[in-house]
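Reckoned from all heavy atoms, side chains included, excluding hydrogens, waters and symmetry mates. Just so it is clear: chains get the letters A, B, ... in the order the sequence lines come, proteins before strands, and each one is counted from 1.
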Amino acid sequence: MTQEIRLRFAPSPTGYFHVGGARTALYNWLIAKQQGGSFILRIDDTDEQRNRQEWTDGIISALAWLEIDFDEGPYFQSRRKDRYFQKARELYEKGLAYYCNCTRDEIDERAKLRGGPPGYDGFCRDRALTPEPGFALRFKVPPGETVVNDVVRGTVTFANSTIEDFVLLKGNGAALYVLANFVDDVDLNISHVIRAEEHLPTTPKAVLLYEALGVDSPIFAHLPVLVNEKRVKLSKRRDRVAVEDFRDQGFLPEAMVNYLALLGWSPGDDVEFLDREEMIELFDLTKVSKSPAFFDVVKMKHFNKHYIASLTLDDFVNRCLRFLEANSWWSGDGIQTANFRAIAPYVQERIALLSEVVEMVDFLFVDPAQLSLEAYILSEADLEALSRFLVKVEAEEDFARDVLEGHFRSLGEELGLVLRKLQAPIRLSLTGRKVGPPLFVAMEILGKERSLDRIRNAIATGH
RNA sequence: GGCCCCAUCGUCUAGAGGCCCAGGACAUCACCCUCUCAAGGUGGAGACACGGGUUCGAAUCCCGUUGGGGCUGCCA
C-alpha cells in the first residue's frame with residue numbers, strides 16, 4: 001500500500017514569525033506540492049505560559065503573505081490534551097512508562113553526588129508509583145541503541161544509555177513536546193517530518209515512542225540552522241528576523257521565498273532565480289546542505305531588486321501605494337497617482353526595497369523647500385548655471401523631456417561644464433535631492449510652472 | 001562536561017574519484033557607458049581547515065586533529 005504524502009509545519013507561537021520558520025514551512029510546502037500531498041498547519045501551543053493569540057495570528061498572516069497555503073488546519077495542540085493523556089495512559093498501562101515524583105533539585109543533587117553527567121538517573125523506574133497529582137510520567141528508555149534515518153543527514157545512531165528517561169506528562173497532567181508531537185504526527189498520519197536541526201537530538205525519543213507503540217516512523221529530514229554574522233543560530237531576541245519586518249521594509253514575498261529556498265538548497269546548474277513552479281519541480285531534499293547558512297539580507301535585497309524590476313507597471317504601482325500612503329506628511333490631497341505612475345518606470349529600475357520609493361518621488365508631492373532634505377549650499381557658479389538654465393526653459397513652450405535635455409546640453413557646451421556637474425544644482429533645486437530619477441522626466445512631470453517656481457526659489461534662497 | 005551534527009572564495013553555493021592549478025551568484029576593486037543614482041558591459045582579487053591513509057589519480061572515500069554549531073527543561 002502506498003503511503004499518503006502529508007507534511008506539517010508546526011511552529012510554536014512564542015514570538016514573531018521568523019525567517020527560519022518561513023524556510024521550514026516552505027520546504028514542507030514544496031514537497032507537499034511536488035508529491036501531490038497535503039500541507040498541514042499545526043500550532044504547537046502546549047506551553048500555555050508562553051503562547052499568545054497574536055503570535056498565532058502573525059504566523060498565519062505571514063504564511064498567507066508568502067503564499068504558503070495550507071490544506072488543513074490550523075490544528076491546535078492545546079485542544080487535544082485529552083488525546084495526549086490517553087496515549088500516555090496507554091504507555092503507562094503497557095509498562096512502558098512510569099510515574100516519578102523527583103524534583104529538579106533532587107535530580108541535580110543526585111547527579112552531583114554521582115559525579116556523572118547531569119540528567120535524570122531513573123530513580124523512580126522501579127518504585128511502581130501510581131498516578132497522583134504532581135507526579136510526572138516518564139518514558140522507560142530501553143537498552144540498546146536508536147537509529148534515526150534522516151534524508152539530509154543519513155543514519156544517525158544514538159546509544160540509549162545517553163537518553164534519559166524523558167518526561168511525557170508534566171505533574172499537572174499536561175503533555176510535553178515529544179509526546180504531543182508524536183501523538184499528533186501519528187493521528188494526522190504525517191509522512192514526512194521536515195524541521196530544523198535543533199530538533200535532531202530529540203528525534204531518537206520520538207523514534208522510541210514509534211517503536212514502543214509499533215507505529216511506522218515518518219521520514220525525517222533535519223535542515224541546517226540559519227545563523228547570524230557571528231555564526232550562531234538566529235534568535236528572535238537577538239537578531240532582526242521577523243518576516244513581518246521584511247514585509248514592512250518592502251521586500252516582495254516572491255523574492256523572499258526565492259532567497260529562502262536557496263538557503264540550504266541549490267538546484268545546481270548555476271541557477272538562482274526560480275519561480276514557484278520551478279522550485280516545486282526541482283526541489284530535492286536529498287540535495288539539502290548539511291551545514292549552517294548565514295541569513296544574508298544584502299543578498300536577499302539583490303533578489304528583491306530583480307523581482308521589483310520584473311513586475312508589470314500596474315503591479316509595481318499598486319504595491320508601492322501602501323508605502324506612499326504610509327507617509328503622513330503629504331496626506332491631504334495625497335499622492336497624485338497619475339504623476340506617480342508617469343515616473344514609476346524610472347523608479348522601478350532603481351530601488352531594491354519598495355520603501356525606497358518614497359525618497360525617489362516625494363518631490364512630486366511636496367515642495368523641496370519644505371523638506372530641506374540635503375544640506376547643500378549653491379555656489380556662485382551653481383547659481384549662474386541655474387539662472388542661465390532658467391532663461392532657456394522659461395521661453396520654452398514645449399516642456400517635454402527631450403526638449404529640456406536639449407537646453408541642458410547646449411548650456412553645458414556654453415559653460416564648458418561636464419554634464420554631471422551641471423545636473424547637480426538643477427536636481428537639487430527641483431527635487432531637493434542629489435540622486436533620483438532622470439532629471440528631465442522629473443521636470444516634465446512636475447510641469448513648467450512648478451519647475452520654474454522651484455528654480456527661481458533656489459536662486460533666491462541659495463539652496 | 002556529555003551526546004549529536006557540520007567543515008569549498010568574506011557570504012550562499014556547484015562539485016557524488018579523473019571534465020577542477022575548482023564554476024556561478026551576492027559583496028568588493030578597476031575600467032567602459034552615462035544628466036545623478038541604478039542598470040548594463042569588460043576585467044581583477046578571492047576558497048577545497050590541517051594531518052595521515054585508500055587509489056595510477058581525491059575537494060570528492062576512510063581515520064584523526066582543529067575549528068564551528070545544535071541539544072543537554074516537568075520549553076518548543
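- Between the side chains of H199(A) and Y177(A), a donor-acceptor pair is found at a separation under 3.5 Å.
- In this structure, CG on D184(A) lies 12.5 Å from CZ on F76(A), to the nearest 0.5 angstrom.
- G46(B) and C56(B) have their P atoms separated by 35 Å, with the value rounded to a whole Å.
- We find that CG of L226(A) is positioned 15 Å from P of U11(B), with the value rounded to whole Å.
- To the nearest angstrom, P of C9(B) lies 15 Å from CG of D296(A).
- The pair K290(A)-D150(A) fails the salt-bridge criterion, with no side-chain N (NZ, NE, NH1 or NH2) lying under 4.0 Å from an Asp/Glu carboxylate O.
- Across the P atoms, U60(B) and A7(B) are found 11 Å apart, a figure rounded to whole Å.
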Taking only nitrogen or oxygen atoms into account, show me every contact under 3.5 Å that the protein makes with nucleotides 35-39 of chain B, one pair per line with its distance.
{"residue": "C35(B)", "atom": "OP1", "partner": "R409(A)", "partner atom": "NH1", "Å": "3.4"}
{"residue": "C35(B)", "atom": "OP1", "partner": "R409(A)", "partner atom": "NH2", "Å": "2.1"}
{"residue": "C35(B)", "atom": "O2'", "partner": "Q423(A)", "partner atom": "OE1", "Å": "3.4"}
{"residue": "C35(B)", "atom": "O2", "partner": "R427(A)", "partner atom": "NH2", "Å": "3.4"}
{"residue": "C35(B)", "atom": "N3", "partner": "L439(A)", "partner atom": "N", "Å": "3.4"}
{"residue": "U36(B)", "atom": "O4'", "partner": "Q423(A)", "partner atom": "OE1", "Å": "3.1"}
{"residue": "U36(B)", "atom": "O4'", "partner": "Q423(A)", "partner atom": "NE2", "Å": "2.7"}
{"residue": "U36(B)", "atom": "O2'", "partner": "K434(A)", "partner atom": "O", "Å": "3.3"}
{"residue": "U36(B)", "atom": "N1", "partner": "R427(A)", "partner atom": "NH2", "Å": "3.2"}
{"residue": "U36(B)", "atom": "O2", "partner": "G436(A)", "partner atom": "N", "Å": "2.9"}
{"residue": "U36(B)", "atom": "O2", "partner": "G436(A)", "partner atom": "O", "Å": "3.1"}
{"residue": "U36(B)", "atom": "N3", "partner": "R427(A)", "partner atom": "NH2", "Å": "3.2"}
{"residue": "U36(B)", "atom": "N3", "partner": "G436(A)", "partner atom": "O", "Å": "2.7"}
{"residue": "U36(B)", "atom": "O4", "partner": "R350(A)", "partner atom": "NH2", "Å": "3.0"}
{"residue": "U36(B)", "atom": "O4", "partner": "P438(A)", "partner atom": "N", "Å": "3.3"}
{"residue": "C37(B)", "atom": "O2", "partner": "R350(A)", "partner atom": "NE", "Å": "2.6"}
{"residue": "C37(B)", "atom": "N3", "partner": "R350(A)", "partner atom": "NE", "Å": "2.9"}
{"residue": "C37(B)", "atom": "N3", "partner": "R350(A)", "partner atom": "NH2", "Å": "2.8"}
{"residue": "C37(B)", "atom": "N4", "partner": "R350(A)", "partner atom": "NH2", "Å": "3.2"}
{"residue": "A38(B)", "atom": "O2'", "partner": "K305(A)", "partner atom": "NZ", "Å": "2.7"}
{"residue": "A38(B)", "atom": "O2'", "partner": "E349(A)", "partner atom": "O", "Å": "3.0"}

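- Look at U54(B): it lacks any Watson-Crick or wobble partner with both distances under 3.5 angstrom.
- With a cut-off of 3.5 Å on both pairing distances, the Watson-Crick or G-U wobble partner of U28(B) is G44(B).
- Separating the P atom of C5(B) from that of A47(B) is a span of 31 Å, rounded to the nearest Å.
- Cation-pi geometry between R80(A) and Y75(A) is not satisfied (NZ or CZ under 6.0 Å from the ring centre, within 45° of the ring normal).
- Taking a pair to require two hydrogen-bonding distances under 3.5 Å in either a Watson-Crick or a G-U wobble arrangement, A22(B) remains unpaired.
- Surrounding CG of D398(A) are more than 12 heavy atoms belonging to other residues, nucleotides or ligands, all under 6.0 Å away.
- One interatomic measurement links the two molecules: NZ of K299(A) to P of U28(B), which rounds to 13 Å at whole-angstrom precision.
- Residues P292(A) and H302(A) each lie close to RNA chain B; by heavy-atom proximity, the contact nearer the 5' end of the strand is made by P292(A).
- Distance noted for atom C1' between C21(B) and C26(B): 25 Å (whole Å).
- The number of heavy-atom neighbours closer than 6.0 Å to NZ of K170(A), taken from other residues, nucleotides and ligands shown, is above 12.
- Note on S289(A): a side-chain N or O is less than 4.0 Å away from OP1 or OP2 of U13(B).
- Across all strands shown, U60(B) has no partner, as no Watson-Crick or G-U wobble contact with both distances under 3.5 Å is found.
- For V156(A), the listed nucleotide lying nearest its side chain is C5(B); candidates were A25(B), C5(B), G24(B).
- The neighbour count for Y16(A) OH, taken as heavy atoms of other residues, nucleotides or ligands under 6.0 Å away, does not exceed 12.
- If you take atom C1' in A59(B) and the same atom in G69(B), they sit 22 Å apart, rounded to whole Å.
- With respect to E413(A) and R409(A), no salt bridge is recorded, no charged nitrogen being found less than 4.0 Å from a carboxylate O.
- Spacing between atom CZ of F294(A) and atom C1' of A25(B) amounts to 15 Å, rounded to whole angstrom units.
- When both pairing distances are held under 3.5 Å, G1(B) makes a Watson-Crick or G-U pair with U72(B).
- When L169(A), L168(A), L91(A), V167(A) are each tested for a side chain to side chain contact (heavy atoms under 4.5 Å, CB included) with R138(A), only one passes: V167(A).
- Base-pair partner of A14(B): not found among the strands shown (Watson-Crick or G-U wobble, both distances under 3.5 Å).
- The residue among V225(A) and T155(A) whose nearest nucleotide of RNA chain B lies closer to the 5′ end is T155(A).
- In the set U13(B), C5(B), G24(B), C5(B) carries the atom at the smallest distance from any side-chain atom of L200(A).
- Atom CE in M300(A) sits roughly 14 Å away from atom P in A27(B) (whole-Å rounding).
- When all heavy atoms of L223(A) and R153(A) are compared, the closest pair comes out as C-NH2, 3.7 Å.
- Distance, F273(A) CZ to G24(B) C1': 12 Å, rounded to whole Å.
- Remark: G67(B) base-pairs with C6(B); criterion is Watson-Crick or G-U wobble with both hydrogen-bond distances under 3.5 Å.
- Rounded to a whole angstrom, the distance from the P atom of U13(B) to that of A49(B) is 15 Å.
- Between the C1' atoms of G2(B) and A27(B), the separation comes to 40 Å (whole Å).
- Between K112(A) and E109(A) there is no salt bridge, since no side-chain N of the basic residue sits under 4.0 Å from a carboxylate O of the acidic one.
- Salt bridge status for R350(A) with E356(A): absent, with no side-chain N to carboxylate O gap under 4.0 Å.
- K290(A) places its NZ atom 10 Å from the P atom of A14(B), with the value rounded to the nearest Å.
- On the P atoms, U54(B) is 24 Å away from A16(B), given to the nearest whole Å.
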* How would nucleotides 71-76 of chain B be written as a contact map, 5' to 3', with B for base contact, S for sugar-phosphate-only contact and - for no contact, using protein heavy atoms under 4.0 Å? -> S-SBBB
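- Taking atom CZ of F303(A) as the reference point, atom P of U11(B) lies 17 Å away to the nearest angstrom.
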